[in-house]
Amino acid sequence: MALRRAASLLLRPRLRAPVPIPTPKTPNPLLLPPRRHFSQLPPPPVPASAAAAAAAVAEEAEEAFEAAKGTKDLLAAFSRLEAVMPPSDKRLALACIKLGQHLEASGAADPSRVLALALRSLGILEATPNSATSTTASHSDAVSLAMALHLAGSASFDLSRFHDALSFLTRSLRLVSPLLPSSSSAAAASGDDDAQGFDVRPVAHAVRLQLANVKTALGRREEALADMRACLDLKESILPPGSRELGAAYRDLAEAYSTVLDFKEALPLCEKALELHQSTLGKNSVEVAHDRRLLGVIYTGLEQHEQALQQNEMSQKVMKSWGVAGDELLHAEIDAANIKIALGKCDEAVTVLRNVSKQVEKDSEIRALVFISMAKALANQEKAGDTKRCLEIACDILEKKELAAPDKVAEAYVEVSSLYEMVNEFDKAISLLKRSLGMLERIPQAQHMEGNVAARIGWLLLLTGKVSEAVPYLEDAVERMKDSFGPKHYGVGYVYNNLGAAYMEIGRPQSAAQMFALAKEVMDVSLGPHHSDTIEACQSLANAYNAMGSYALAMEFQKRVVDSWRNHGPSARDELKEAIRLYEQIKIKALSCLSPENSAIALPEPLEKEQLAGLHTLPAEMEMLCMMITALVVMAA
């Protein structure tokens with residue numbers, strides 16, 4: 001029962017939202033080891049009667065501390081414990097952990113005080129001869145030190161000291177990982193009499209969960225997802241099948257994948273959550289409504305809009321049957337309107353949005369979202385004037401909310417800028433994006449969004465001919481996005497491609513070729529070599545080598561473009577025709593370079609006709625000619 005209660009307490013917290021603001025936490029799940037884990041230090045050499053009296057006083061103080069419940073009682077009992085125990089007593093270290101966990105969970109103290117308790121505990125535990133850092137450490141020593149490190153990491157996170165938090169938590173994970181049941185080290189540790197019966201999995205779960213929070217705050221979303229996946233694995237091993245908490249865990253991970261736009265990974269997880277909640281709570285439970293709403297978001301991301309609308313409507317039906325009202329239902333209705341817009345049902349969407357606007361306050365954040373969605377519907381109907389008026393109203397509301405909810409406002413500004421872009425108001429779009437970026441840079445947990453916004457600014461500046469202004473934004477975006485999403489994320493590939501285009505515009509073809517090569521490498525992995533955007537990156541690389549006069553390399557990559565479009569079949573007929581034209585053009589330049597006096601050499605014409613008629617491979621004699629040209633160009637160089 002004790003373990004089940006521990007697991008129940010552990011599993012209450014949820015991974016925070018993509019751009020969280022630290023808030024008072026739910027009760028900390030980590031439980032102190034049983035009292036029999038405490039290793040008492042030998043008393044100082046005093047007369048036996050005095051030693052016995054001191055031991056009795058210490059034991060009484062310890063029992064009083066363990067029995068204390070409220071913050072006031074715990075603080076008083078801790079003060080008494082401090083007074084009667086040596087400063088290096090291991091029991092005092094464990095008391096620091098317990099008090100720190102309570103203060104953190106209840107929000108009764110500043111995080112700096114919690115951190116001080118954690119560091120005090122660490123100092124005692126690490127100075128103990130058989131501490132977890134030594135080769136003779138016991139199972140309980142390692143767990144105690146891991147818990148102190150977790151507390152230090154959690155407090156550092158609340159103080160926005162994310163790198164300190166990462167260091168503490170990484171050390172904690174390193175200690176508990178070998179003790180998990182699946183580890184070979186655990187078998188050896190299980191023989192430790194001091195630790196028999198103590199389940200380390202809840203401790204490992206708490207450490208992983210906080211690591212995910214820290215990495216999310218640092219913008220390292222892919223790494224955070226790995227920690228969340230490990231959290232789910234631990235929950236699956238702790239909780240009984242069919243547990244409601246397990247269903248919520250599936251949904252949390254699905255939501256995290258949706259945040260990084262990985263909807264394919266999110267879908268099966270959300271479906272598992274729905275199946276589990278339906279079987280345990282019934283088809284009309286609130287949890288099922290939450291699952292269906294998230295499914296609607298996921299199907300929208302997968303561009304399966306009919307399924308998205310169906311899930312959204314079912315979610316709303318359940319919420320209304322339970323009397324769930326307020327912001328949650330209104331957000332669901334706005335989601336439904338956005339799905340209708342994607343389906344081309346703009347008039348229906350506007351009707352829904354007008355109904356929602358009647359239910360909210362004039363200057364509320366939801367009203368701003370209503371006008372943003374209404375602008376989207378009007379923009380799709382090519383009503384530019386009405387679109388701009390809606391966006392102006394939304395911006396007026398959002399401006400008043402900048403101090404209260406900077407993360408949400410910054411995100412909304414990004415969406416508003418995309419709508420200004422749709423109606424060709426590029427300067428306004430760029431201005432809003434710069435405003436959003438300035439706000440995000442002041443929010444420590446929003447680093448993952450900074451790269452996206454900087455990339456968008458760079459792209460719009462490039463689009464409007466302000467190339468020299470675009471370059472620093474694109475260079476900055478590449479680094480930020482690599483840190484947040486990993487070097488092989490498709491978004492990084494697109495930024496490399498745009499940066500290459502910018503370098504081409506300012507006459508730096510060698511730098512451009514570097515960027516296009518990186519873009520192609522990323523897109524080959526993330527999108528596949530035959531994706532249209534990957535082919536375009538290869539085309540850009542061929543163009544860059546052509547501009548540099550590196551005709552051998554230009555021909556090589558242009559040939560790949562031809563082959564790739566050919567694999568698309570008749571649907572890519574026009575693209576193939578243009579790729580062949582460019583290929584012929586490069587060959588002419590290559591021959592002209594070798595024989596300037598014969599610059600007008602005529603190359604065989606049937607190539608293009610044969611390619612377009614049957615989409616066959618290059619004739620054998622042309623392949624041989626290409627190989628000869630390549631070899632000669634290389635020799636000439």
Side-chain angles (χ1 to χ4, degrees), residues 451 454-483 486-527 529 531-565 578-579 581-596 599 626-637:
R456 193 76 184 170
I457 294 171
W459 183 79
L460 284 175
L461 288 169
L462 184 62
L463 187 68
T464 53
K466 301 172 183 176
V467 183
S468 58
E469 289 182 53
V471 169
Y473 281 104
L474 292 169
E475 290 174 337
D476 182 53
V478 163
E479 297 307 316
R480 291 180 191 266
M481 291 184 72
K482 281 197 298 184
D483 288 342
K488 299 300 182 184
H489 191 273
Y490 68 89
V492 176
Y494 285 112
V495 182
Y496 275 135
N497 203 54
N498 290 337
L499 186 53
Y503 286 146
M504 285 290 285
E505 287 289 327
I506 58 176
R508 293 171 57 184
Q510 289 182 328
S511 298
Q514 258 187 318
M515 294 302 108
F516 290 136
L518 288 168
K520 183 183 180 303
E521 182 182 339
V522 172
M523 291 179 178
D524 276 340
V525 173
S526 58
L527 302 176
H531 189 280
S532 58
D533 291 331
T534 307
I535 301 172
E536 289 298 335
C538 191
Q539 178 66 72
S540 298
L541 186 55
N543 293 345
Y545 282 126
N546 188 17
M548 291 164 58
S550 300
Y551 300 121
L553 288 171
M555 287 175 65
E556 178 187 340
F557 285 103
Q558 191 62 44
K559 174 66 164 55
R560 294 186 194 180
V561 174
V562 170
D563 292 341
S564 296
W565 283 128
E578 176 63 13
R581 186 188 70 80
L582 292 171
Y583 185 80
E584 296 283 350
Q585 202 175 69
I586 297 169
K587 282 195 297 183
I588 292 172
K589 286 185 179 181
L591 287 173
S592 299
C593 179
L594 291 174
S595 305
S599 59
C626 294
M627 291 172 63
M628 291 173 60
I629 292 172
T630 301
L632 288 170
V633 172
V634 171
M635 290 171 61

### Query
Would you say the side chain of Y545 lies within less than 4.5 Å of the side chain of P509, judging by non-hydrogen atoms?
no
### Pairing of E556 and K559 as salt bridge, 4.0 angstrom limit
no
### Backbone of A579 reached by a side-chain donor or acceptor of Q558 within 3.5 Å
yes
### Task
Verify the neighbour count for atom CD of Q585: are there more than 12 heavy atoms of other residues, nucleotides or ligands below 6.0 Å?
yes
### Query
Could you state the interatomic distance from CZ (R456) to CG (L463), rounded to the nearest 0.5 Å?
9.5 Å
### Message
Counting C-beta onward and ignoring hydrogens, is there a side-chain heavy-atom pair between L499 and E475 closer than 4.5 Å?
### Response
yes
### Query
In Å and rounded to the nearest 0.5 Å, what is the OG to CD1 distance from S511 to I506?
7.5 Å
### Message
Looking at every non-hydrogen atom in both residues, tell me the closest pair between G500 and A512 and how far apart they are.
### Response
O-CB, 3.3 Å
## Note on the structure
Scanning both residues in full, the closest heavy-atom pair of A477 with V495 reads CB-CG1, 4.1 Å
### Message
Holding to salt bridge (charged side-chain N to carboxylate O under 4.0 Å, His left out), I want the full list of residues that pass it with D533, two or more places apart in sequence or in another chain.
### Response
none
### Task
Determine whether C538 and T534 make a side-chain contact, defined as any pair of heavy atoms from C-beta on separated by less than 4.5 Å.
no
### Spacing of CG belonging to D524 relative to NZ belonging to K488, to within rounding of 0.5 Å
9.0 Å
### Query
Taking the side chain as C-beta and beyond, is there a heavy-atom pair between K466 and L460 under 4.5 Å?
no
### Query
Roughly how far, to the nearest 0.5 Å, is OH of Y473 from CG of L462?
14.0 Å
### Query
Which pair of non-hydrogen atoms, one from M515 and one from Y496, has the smallest distance, and what is that distance?
CB-O, 3.4 Å
### Task
Any chance you could measure I457, atom CD1, to D476, atom CG, to the nearest 0.5 Å?
9.5 Å
### Message
Just verifying a value: how many Å separate S550 OG and Q510 CD, rounded to the nearest 0.5 Å?
### Response
8.0 Å
### Query
Who pairs with D483 by side-chain hydrogen bond (donor to acceptor under 3.5 Å, both in side chains), at least two apart in sequence or on another chain?
none
### Message
Could you check whether E578 pairs with R581 (Lys NZ or Arg NE/NH1/NH2 to Asp/Glu carboxylate O, under 4.0 Å)?
### Response
yes
### Query
With a 4.5 Å heavy-atom cut-off, do K520 and R560 have their side chains touching?
yes
### Query
What is the minimum heavy-atom distance between A513 and M548, and which atoms define it?
CB-SD, 4.1 Å
### Query
S540 versus N497: any side-chain heavy-atom pair under 4.5 Å?
yes
### Task
Kindly determine whether V478 and K482 satisfy side chain to side chain contact (heavy atoms under 4.5 Å, CB included), including the steps that lead there.
CA-CA 6 Å; V478 163; K482 281 197 298 184; 4.0 Å; yes
### Query
Does the side chain of Y490 reach to within under 4.5 Å of the side chain of V522, using non-hydrogen atoms?
no
### Query
Taking all atoms of both residues into account, what is the closest heavy-atom pair of L474 and A502, and its distance?
CD1-CB, 4.2 Å
### Where at least one partner belongs to residues 501-518, residue pairs that pass salt bridge (charged side-chain N to carboxylate O under 4.0 Å, His left out), sequence neighbours excluded
none
### Query
Of the non-hydrogen atoms in F516 and A544, which two are nearest, and what is the gap between them?
CD1-CB, 4.0 Å
### Message
I'd like to check Y494 versus M523 (side-chain heavy atoms, cut-off strictly below 4.5 Å). Are they in contact?
### Response
yes
